[in-house]
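Step one of this worksheet: look at the structure below.
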Amino acid sequence: GFLLLNRADGTNATLNFSGRAPAAATPDKFDVAPDLGSRACMVPANVAGWCRALEQEGSLSLAAAFGPAIQHARDGFPLHPANARFIADNRCRLNEVGQQIFSQVDCRIGGILKLPDLGETFEQIVREGPAAFYSGAIGKRIADYVQENNGLLTHDDLRTYEPRWETPIEVSYRGNTVRTCPPNNEGFQILQTLKLLEAFDLSTLEHNSAEYIHLLTEAIKIAVADRIEWGGDPDFCDIPLDRLLSEDYVSQRRGLIQRQQASRSEGERWL
């Protein structure tokens, strides 16, 4: 995850807990980039991010923050339509462990989902802190299972993981300062989209009219193309943010927008 923090004193920061690839995940370990299975997993970073944010910036204890989640995991909660649809669409992607868990669940809308093992995991984190997850028994079980199933995640990957405080990136849009998280987050795409649109008076266009949607779509396509070309992990690649968000570059890219014709979005649009 990513956290964009605006403090009461006007200062701001971002917390990057997006995880990282295991140390052993070198290119030679993959024929293709998997999206399923033990080789697809990154270092799970949410627990570290939640706990770091609470410890340094929050006002709740771990017990108070995790309390509702623990209660819902143990006592269950009714599935709303999105829950039910997501489970139904993705049940086929689960391994044997996931199948065992969800085979006992009434996954219809309104069905009660209970996850007592997850509740126990959260309770252990409350008792022992994030170390229970990263260097304790939970982390060992995670790493051992991944290793037994031909994955790359190790106990050292978990033990050495730390979330990272970073500085937000920002642009001015029509007198407003808009901030987002820096790469490896993709938020610079949003900032570039706003800068592309800044020269157009959107208030003169009927909301959701064809002209309005066309203009937004063309700006987004340009920003997406730049994000695909330049986005990445700054620990491993150079991302020219100053250039991508500069007035000169954005003006040049804005010139590609045609108000009466949809443009192509393939690679020839990159500059």
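- Contact check for Trp50 versus Ile125: no side-chain heavy atoms found under the 4.5 Å cut-off.
- For the residue pair Asp248 and Ser251, no side-chain donor N or O sits within less than 3.5 Å of a side-chain acceptor on the partner.
- To the nearest 0.5 Å, atom CD of residue Glu211 and atom CD of residue Glu206 are 10.0 Å apart.
- Remark: the backbone N or O of Gly37 is not paired with any side-chain donor or acceptor of Asn149 at under 3.5 angstrom.
- No donor-acceptor pair closer than 3.5 Å links the side chain of Arg259 to the backbone N or O of Leu215.
- Looking at Thr154 and Asp157, their side chains come closer than 4.5 Å, going by heavy atoms from C-beta outward.
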Subject >> Test log, rule salt bridge (Lys or Arg N to Asp or Glu O under 4.0 Å), inputs Glu57 and Arg7 >> reply: CA-CA 9 Å; Glu57 301 285 348; Arg7 301 184 182 94; 2.9 Å; yes
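- Annotation: side chain of Asn185 is not in contact with side chain of Ser18 (no heavy-atom distance under 4.5 Å).
- Remark: Glu96 CD to Ser103 OG distance equals 12.0 Å, nearest 0.5 Å.
- For the atom pair Leu158 CG and Leu153 CG, the distance stands at 4.5 Å (nearest 0.5 Å).
- Both Val178 and Leu202 belong to a common hydrophobic cluster when Ile, Leu, Val, Met, Phe, Trp and Tyr are linked at side-chain heavy-atom distances under 4.5 angstrom.
- Closest approach of Pro68 and Ala65 over heavy atoms only: CD-O, 3.8 Å.
- The two residues Lys140 and His155 have their closest heavy-atom pair at N-NE2, 3.8 Å.
- Distance check, rounded to the nearest 0.5 Å: CD of Gln192 to CG of Leu241 gives 10.0 Å.
- Counting only heavy atoms from C-beta outward, the side chains of Ser38 and Asn95 never approach each other to under 4.5 Å.
- Note on Leu205 and Ile213: same hydrophobic cluster, where clusters join Ile, Leu, Val, Met, Phe, Trp and Tyr whose side-chain heavy atoms are under 4.5 Å apart, directly or indirectly.
- In this structure a side-chain-to-backbone donor-acceptor pair under 3.5 Å is missing from Tyr212 to Ser203.
- Hydrophobic clustering places Ile239 together with Leu245 (ILVMFWY residues linked when any side-chain heavy atoms are closer than 4.5 Å, directly or through intermediates).
- A side-chain donor-acceptor contact under 3.5 Å links Tyr134 to the backbone of Ala48.
- Contact record, Leu3 with Cys181: O-SG, 4.2 Å, taken as the closest heavy-atom pair.
- A salt bridge links Asp156 with Arg159; the closest basic N to acidic carboxylate O contact falls under 4.0 Å.
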**OP:** Mind running side-chain contact (heavy atoms from CB on, under 4.5 Å) on Leu54 and Leu60 for me, showing each step along the way?
**Re:** CA-CA 7 Å; Leu54 277 173; Leu60 297 178; 4.2 Å; yes
**OP:** Report the C-alpha separation of Asp144 and Gln147 in whole Å, then their side-chain angles, then the decisive distance to 0.1 Å, and conclude whether the side-chain contact (heavy atoms from CB on, under 4.5 Å) test is met.
**Re:** CA-CA 5 Å; Asp144 288 349; Gln147 289 287 310; 5.8 Å; no
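- Leu79 and Ala84 get closest at one heavy-atom pair: CB-N, 4.4 Å.
- Applying the 6.0 Å contact sphere to CZ of Arg174 captures more than 12 heavy atoms from other residues, nucleotides or ligands.
- Between Asp226 and the options Arg253, Lys221, Arg243, a salt bridge (Lys or Arg N to Asp or Glu O under 4.0 Å) holds for only Arg253.
- One N or O on the side chain of Glu218 and one on the backbone of Ser263 form a donor-acceptor pair closer than 3.5 Å.
- Follow the hydrophobic side-chain contacts under 4.5 Å out from Val97 and you reach Leu113 in the same cluster.
- In this structure a side-chain-to-backbone donor-acceptor pair under 3.5 Å is missing from Glu186 to Arg227.
- Although no hydrogens or angles enter the test, the distance criterion places a donor-acceptor pair under 3.5 Å between the side chain of Arg39 and the main chain of Lys29.
- Within 6.0 Å of atom CG in Asp242, 12 or fewer heavy atoms from other residues, nucleotides or ligands are found, so the atom counts as exposed in its surroundings.
- Using a cut-off of 4.0 Å between Lys/Arg side-chain N and Asp/Glu carboxylate O, Arg52 and Glu162 are scored as salt-bridged.
- Here Arg108 contributes atom CZ and Asn83 contributes atom CG; the two are 15.0 Å apart, rounded to the nearest 0.5 Å.
- Side-chain atoms of Asp106 and Ile112, non-hydrogen and from C-beta on, never get closer than 4.5 Å to each other.
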Subject >> Derivation and outcome, salt bridge (Lys or Arg N to Asp or Glu O under 4.0 Å), residues Lys195 and Glu247 >> reply: CA-CA 8 Å; Lys195 296 303 292 182; Glu247 295 291 346; 3.1 Å; yes
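- Hydrophobic cluster membership differs between Val146 and Leu152, with clusters built from Ile, Leu, Val, Met, Phe, Trp and Tyr side chains linked at under 4.5 angstrom.
- The side-chain heavy atoms of Leu5 and Pro168, taken from C-beta on, include no pair separated by under 4.5 Å.
- Distance OG1/Thr14 to CD/Glu166: 5.0 Å, rounded to 0.5 Å.
- Residues Phe236 and Asn184 have side chains not in contact (no heavy-atom distance under 4.5 Å, counting atoms from C-beta outward).
- Open room surrounds CG on Asp238; 12 or fewer heavy atoms of other groups in view lie less than 6.0 Å from it.
- Annotation for Asp28: atom CG counts as buried by contact number, over 12 foreign heavy atoms lying within 6.0 Å.
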**OP:** Under the side-chain contact (heavy atoms from CB on, under 4.5 Å) rule, what do Phe188 and Ile169 come out as? Steps first, then yes or no, please.
**Re:** CA-CA 8 Å; Phe188 71 91; Ile169 57 175; 3.8 Å; yes
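- Atom OH of Tyr173 has more than 12 heavy atoms from other residues, nucleotides or ligands within 6.0 Å.
- Scanning both residues, Cys51 and Leu62, for their nearest heavy atoms gives SG-CD2, 3.7 Å.
- Counting non-hydrogen atoms of other residues, nucleotides and ligands closer than 6.0 Å to CZ of Arg91 gives a total above 12.
- A donor-acceptor pair shorter than 3.5 Å can be found between the side chains of Arg20 and Thr160.
- In this structure the side chain of Pro130 reaches within 4.5 angstrom of the side chain of Val47, judged on heavy atoms.
- Heavy-atom minimum distance, Ala137 versus Gln124: CB-NE2, 4.2 Å.
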Original post:
Passes side-chain contact (heavy atoms from CB on, under 4.5 Å), Phe2 versus Asn16? Steps please.
Top reply: CA-CA 5 Å; Phe2 296 90; Asn16 184 333; 3.6 Å; yes
